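Structure record follows, encoded as structure tokens.
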Amino acid sequence: MAHIDEAALPEGVTLGRGHGDLPVLRIETPAARAEVYLLGATVTEWTPAGADPVIWVSEQALFRTGTGIRGGIPLCAPWFGPGLSKDKKPTHGWFRTAEWALADAESGADGVTLRFTLDGADADVPDGEPADIRGEYVVTVGTTLTTSLTVTAGADGLELEDAMHTYFAVSDVREVTVTGLDGARYFDKAPGGRAVNAQSGDVTFTRETDRVYQSTGPVGILDPGKKRRITLTKDGSASTVVWNPWTAKAADMADFGDDEWPSMLCVETANALAGHVTLEAGASHTTTATLSLEAL
Ligand code: BG6
């Protein structure tokens, strides 16, 4: 782990050891509580004062170097799923399984801001993949949560796919409605799904759902059981991925409890499939997501 000067951390930020004895930054301010593992720079908690946790993590999650965390906000890049060529490993790219470095931390009007960096030269990049790609991730924890991922291409340029693969805690996904995608075209990755579809009305959940929407606008996650609405606004993101594994896929995943699927929902701020970004050598792209919470 790169050295972190604990004395230089702003008030309310501490460095500790989390699950699996992995290094974790904990933020505790009057506005919110949050937690970020250096593994994948994965945010595993954001709980605004007085609210229930917004982010979900599986009871079965593995906290192990080189493995993605099942829950939180894993960072998928430089590809999404198996990538545009459909054969890349690890699934969802090496950003989420690498250890990131904390570059700086400060307190400001919007809350506590942590900046993490990742350099392919120091990471376990799969053979045959360019190792001169760099990542920067800025997380601001306050009454809202803003996460901003910048990917910089190496000498060969890059067909970039990325995602902030956010797992939301919900009361029961069968009661939840996702607003803001009406009319959006989507690619359906669920079994039996078709390549081109258009969303009609709000998104509701009655089966395995795995869709890559072409959408740049905000979405709402309306949860009557928790009496709240989460609003996700985004910038630099051409795709919104909506995923719930339902019963069979949940049972297939070793790091996901068989009965946990009703309590989570992924809504991902992404650039995936047709929404990928072409970067020239040395060029960068920034994808930003802001979460806010409203009691109903
Ligand atoms: C979603 C994908 O983003 O992530 C799904 O659209 C996938 O197809 C899910 O199953 C989980 O992926 P993983 O690699 O974390 O098991």
Side-chain angles (χ1 to χ4, degrees), residues 37 39-44 55-98 124 126 147 149 160-170 173 178 181 184-197 199 203 205 207-215 219 221 232 234 237-258 260-276 287 289:
Y37 278 78
L39 173 59
T42 312
V43 174
T44 50
I55 303 295
W56 180 90
V57 178
S58 171
E59 297 285 333
Q60 306 298 325
L62 300 172
F63 288 83
R64 191 187 289 159
T65 302
T67 305
I69 297 171
R70 177 67 66 199
I73 312 181
L75 295 178
C76 308
W79 57 85
F80 180 79
L84 296 170
S85 60
K86 306 275 177 248
D87 60 357
K88 290 195 190 289
K89 285 206 168 87
T91 305
H92 285 328
W94 49 269
F95 274 39
R96 73 168 169 172
T97 53
D124 193 11
T147 54
L149 174 66
L160 169 69
E161 291 183 293
D162 68 4
M164 288 180 262
H165 191 306
T166 310
Y167 286 78
F168 291 100
V170 296
V173 75
V178 176
L181 293 168
R185 288 160 71 86
Y186 66 91
F187 179 72
D188 191 346
K189 299 204 297 169
R194 288 182 297 139
V196 181
N197 306 265
Q199 179 64 35
V203 184
F205 300 88
R207 55 192 278 275
E208 181 177 338
T209 303
D210 190 356
R211 301 175 181 175
V212 181
Y213 287 91
Q214 293 176 28
S215 171
V219 299
I221 301 168
L232 161 63
K234 55 187 205 148
S237 159
S239 326
T240 299
V241 181
V242 178
W243 179 62
N244 180 281
W246 219 252
T247 50
K249 185 144 189 179
D252 269 359
M253 289 185 283
D255 58 350
F256 193 113
D258 292 1
E260 287 185 310
W261 61 270
S263 58
M264 57 67 70
L265 171 65
C266 286
V267 181
E268 307 166 34
T269 301
N271 293 287
L273 302 177
H276 73 273
T287 307

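Model, not experiment: these values are computed from the prediction. The analysis underlying the following values was restricted to heavy atoms, covering all of them including side chains, and did not include hydrogens, waters or symmetry mates. Just follow the structure's listing: the first ligand is 1, and inside any ligand the first atom is 1.
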note = dist Thr166:OG1 -> Trp56:CH2 (nearest 0.5 Å) comes out at 13.5 Å
key: Residue-ligand contact Arg96/ligand 1, heavy atom below 4.0 Å   = yes
task = Specify the protein heavy atom at minimum distance from atom 12 (O) of ligand 1: its residue, its atom name, and the distance to 0.1 Å.
result = His92 NE2, 3.3 Å
inquiry  = To check your reading of the model: name the closest protein heavy atom to atom 11 (C) of ligand 1, its residue, and the distance in Å.
reply    = Trp243 CH2, 3.6 Å
request  = Below 4.0 angstrom from a heavy atom of Glu268, which ligand 1 atoms are there? Numbered from 1 as shown, please.
outcome  = 1 (C), 3 (O)
ask   = Can you check whether Val173 reaches Trp246 side chain to side chain, under 4.5 Å on heavy atoms?
value = yes
key: Check: Pro90 main-chain N/O paired with Trp79 side-chain donor or acceptor under 3.5 Å   = yes
ask   = Which ligand 1 atoms does Lys189 reach within 4.0 Å, using its non-hydrogen atoms?
value = 2 (C), 6 (O), 8 (O)
task = Using a strict 4.0 Å cut-off to heavy atoms of Lys249, name the atoms of ligand 1 that fall inside it.
result = 10 (O)
task = State, with a plain yes or no, whether a side-chain heavy atom of Val178 is found less than 4.5 Å away from one of Leu265.
result = yes
task = Could you check if a side-chain atom of Phe95 sits within less than 4.5 angstrom of a side-chain atom of Cys76, using non-hydrogen atoms only?
result = no
ask   = Is there a side-chain contact between Trp94 and Asp124 (heavy atoms, below 4.5 Å)?
value = no
task = Would you mind listing which atoms of ligand 1 come within a distance below 4.0 Å of any non-hydrogen atom of Phe80?
result = 3 (O), 6 (O)
key: 4.0 Å heavy-atom contact, Arg70 with ligand 1   = yes
note = Looking only at protein heavy atoms, what sits closest to atom 6 (O) of ligand 1 is Asp210 OD1, 2.6 Å
request  = For the residue pair Phe80 and Val241, establish whether any side-chain heavy-atom pair is separated by less than 4.5 Å.
outcome  = yes
note = The closest protein heavy-atom partner of atom 4 (O) of ligand 1 is His165 NE2, 2.8 Å
Polar atom proximity, Thr91 to ligand 1 (N or O, under 3.5 Å) = no
